[in-house]
Trainee: 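Structure below; questions to follow.
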Amino acid sequence: MDMKNKFKIIAAFFGIYVIWGSTYLAIRFTLETLPPLLTAGLRFFIAGLILYVFARFRMNDPKPNGTHWRSATIIGGFLILGGNGNVVLAERSVPSGVAALIVATIPIWMVLLEWLWLRKRRPAPATWVGLVLGFGGVALLIVPDLLSKAAQMRPTGFIGLLAAALLWAVGSLQARRLELPSSGVLATGMQMTAGGAMLFVAGMMRGELSMFHPAGFSERSVAAFIYLVLFGSLWGFTAYIWLLKNVGAVKVSTYAFVNPVVAILLGCLFAAEKISGHMICAAIMVVAAVGIITFYKDRTAKQGAL
């Protein structure tokens, strides 16, 4: 492998490891003075439109048909509206590091959905170990705070994050089943554009236009928004698509248990978020669970292909 390709791989993994992990803190900063869903919707709509225009007119991808747009809207509804929308609302009361840990359970939800919804093979014993470990970690993360008299995190925030992980898993499975353009960049741009538009409409329905006061926007919130558009969406998603084609899905999926670690550290360093003993234990359990499920599933797939 030449140095140019090595640099591309390093830059791409930096995008899905560090940049995606940092988006949880960036979201928290936007929430300080910007309306949540309107801001999130604008972020994805702008990034999606840029990707769409780039794919159509720079990469010369063919124009998508009505079926492609329908599929992109469905997937964007689950991933962007349901997934990211719930994360944004939850981070008003839940620390960014905790949010990242709960969202890291997406692979766990996908295993359950493949079994219970798509009627695929029942999880193997090793996978069950991962499932129990993962949900045990989530319980360890949530229950102590809910039982504490000095609890600062709202139950609705936890419920929203669990819903976000579940909806993202549903959207990811739908992306495998629905008809989309062959170009990953074009398909992603369409999903982000459609999902961003739906988030923006949801924000208006929540009355967030009355919260839109540019004079009150802080420099940190605006900088975080720009960072989310340029780095979180454009760099992160483009890197993800490129890595899927060049290094394989299993290696790329390792972002799921790196992101929460990055988010916890950044939240501690830059937002004074506290790291408790039970949070560390919960993080170890969730990360271990995702690792077990991810790598055991890959090994099973390889054995089935022999």
Side-chain angles (χ1 to χ4, degrees), residues 10-55 57-58 76 79-81 83-92 94-97 99-100 103 164 185-186 188-204 206 208-242 255 258-259 262-273:
I10 292 172
F13 270 108
F14 182 84
I16 66 171
Y17 279 3
V18 179
I19 291 178
W20 265 5
S22 69
T23 56
Y24 293 92
L25 180 62
I27 288 171
R28 172 172 174 167
F29 287 160
T30 64
L31 292 173
E32 291 175 349
T33 60
L34 302 179
L37 296 187
L38 287 181
T39 301
L42 197 58
R43 164 199 170 185
F44 282 103
F45 186 83
I46 293 173
L49 195 59
I50 291 172
L51 283 182
Y52 179 84
V53 171
F54 178 80
F57 302 105
R58 184 62 184 271
L79 298 181
I80 309 300
L81 175 62
N84 190 267
N86 274 300
V87 170
V88 170
L89 293 176
E91 281 203 46
R92 294 176 301 167
V94 177
S96 59
V103 173
V185 174
L186 181 62
T188 301
M190 293 166 63
Q191 292 164 27
M192 291 170 65
T193 302
M198 287 186 280
L199 264 180
F200 196 87
V201 171
M204 289 193 294
R206 287 187 73 249
E208 291 185 8
L209 284 176
S210 62
M211 302 165 57
F212 196 86
H213 302 296
F217 295 167
S218 70
E219 291 182 0
R220 185 160 79 166
S221 291
V222 173
F225 171 75
I226 295 172
Y227 177 84
L228 286 170
V229 173
L230 298 180
F231 294 91
S233 294
L234 291 178
W235 185 347
F237 276 97
T238 304
Y240 179 74
I241 295 166
W242 186 84
Y255 84 89
V258 175
N259 281 177
V262 172
I264 290 171
L265 291 176
L266 291 178
C268 179
L269 290 173
F270 298 104
E273 294 181 358

Trainee: Would the distance check show the side chain of T33 and the main-chain N or O of S218 forming a donor-acceptor pair, the cut-off being under 3.5 Å?
Mentor: yes
Trainee: For a 4.5 angstrom cut-off between non-hydrogen side-chain atoms, does N84 reach R43?
Mentor: yes
Trainee: So, taking the atom named CG in L234 and the one named CG in L228, what distance separates them when rounded to the nearest 0.5 Å?
Mentor: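 The CG atom of L228 is 11.0 Å from CG of L234, to the nearest 0.5 Å.
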Trainee: Quick one: does P36's side chain get under 4.5 Å of M211's, heavy atoms only?
Mentor: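 Sidechains of M211 and P36: in contact.
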Trainee: Given side chains that start at C-beta, do those of W20 and V258 come closer than 4.5 Å, heavy atoms only?
Mentor: no
Trainee: Please check if the distance between the ring centroids of F212 and F217 is under 6.0 Å.
Mentor: yes
Trainee: Of all the heavy-atom pairs spanning V94 and A99, show the shortest one and how long it is.
Mentor: CG1-N, 4.1 Å
Trainee: Rounded to the nearest 0.5 Å, how far does CG of L31 lie from CG of L89?
Mentor: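 It is 8.5 Å, given to the nearest 0.5 Å.
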Trainee: Is there a side-chain contact between W235 and L230, using heavy atoms and a 4.5 Å cut-off?
Mentor: no
Trainee: Would you check if there is a donor-acceptor pair between the side chains of T188 and Y240 at a distance under 3.5 Å?
Mentor: no
Trainee: Looking at every heavy atom in both Y227 and A26, which two are closest together, and how far apart are they?
Mentor: CD2-CB, 4.0 Å
Trainee: I want to check something: taking the side chain as every heavy atom from C-beta on, are F225 and F29 in contact at a cut-off of under 4.5 Å?
Mentor: no
Trainee: At what distance, to the nearest 0.5 angstrom, does CD of E91 lie from CD1 of I27?
Mentor: 5.0 Å
Trainee: Can you name the nearest heavy-atom pair linking T30 to A224, along with the distance?
Mentor: CG2-CB, 3.6 Å
Trainee: Compare all side-chain heavy atoms of P35 with those of T39 and state whether any distance is below 4.5 angstrom.
Mentor: yes
Trainee: If we ignore hydrogens and angles and just use 3.5 Å, is the side chain of N259 paired with the main-chain N or O of V18 as donor and acceptor?
Mentor: no
Trainee: Nearest 0.5 Å please: distance from the CD1 atom of I46 over to the CD1 atom of I226.
Mentor: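 One gets 9.5 Å once the value is rounded to the nearest 0.5 Å.
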Trainee: Minimum heavy-atom separation for G83 to A164, with atom names?
Mentor: O-CB, 3.2 Å
Trainee: For P95, is there any backbone N or O sitting under 3.5 Å from a side-chain donor or acceptor partner on E273?
Mentor: no
Trainee: As an exercise, state the distance from CZ of F231 to CZ of F14, rounded to the nearest 0.5 Å.
Mentor: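 Rounded to the nearest 0.5 Å, the CZ-CZ separation comes out at 9.0 Å.
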Trainee: Below 4.5 Å, heavy atoms only, C-beta onward: do V185 and W242 meet side chain to side chain?
Mentor: no
Trainee: Please give me the minimum heavy-atom distance between L81 and A202, naming the atom from each residue.
Mentor: CD1-CB, 4.0 Å
Trainee: Check whether any side-chain heavy atom of T193 lies under 4.5 Å from a side-chain heavy atom of F44, and answer yes or no.
Mentor: no
Trainee: Heavy atoms only: give me the nearest L51-M192 pair and the separation to one decimal.
Mentor: CD1-SD, 3.8 Å
Trainee: Measuring from S233:OG to I19:CD1, what's the distance to the nearest 0.5 Å?
Mentor: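 Reported value, rounded in 0.5 Å steps: 11.0 Å.
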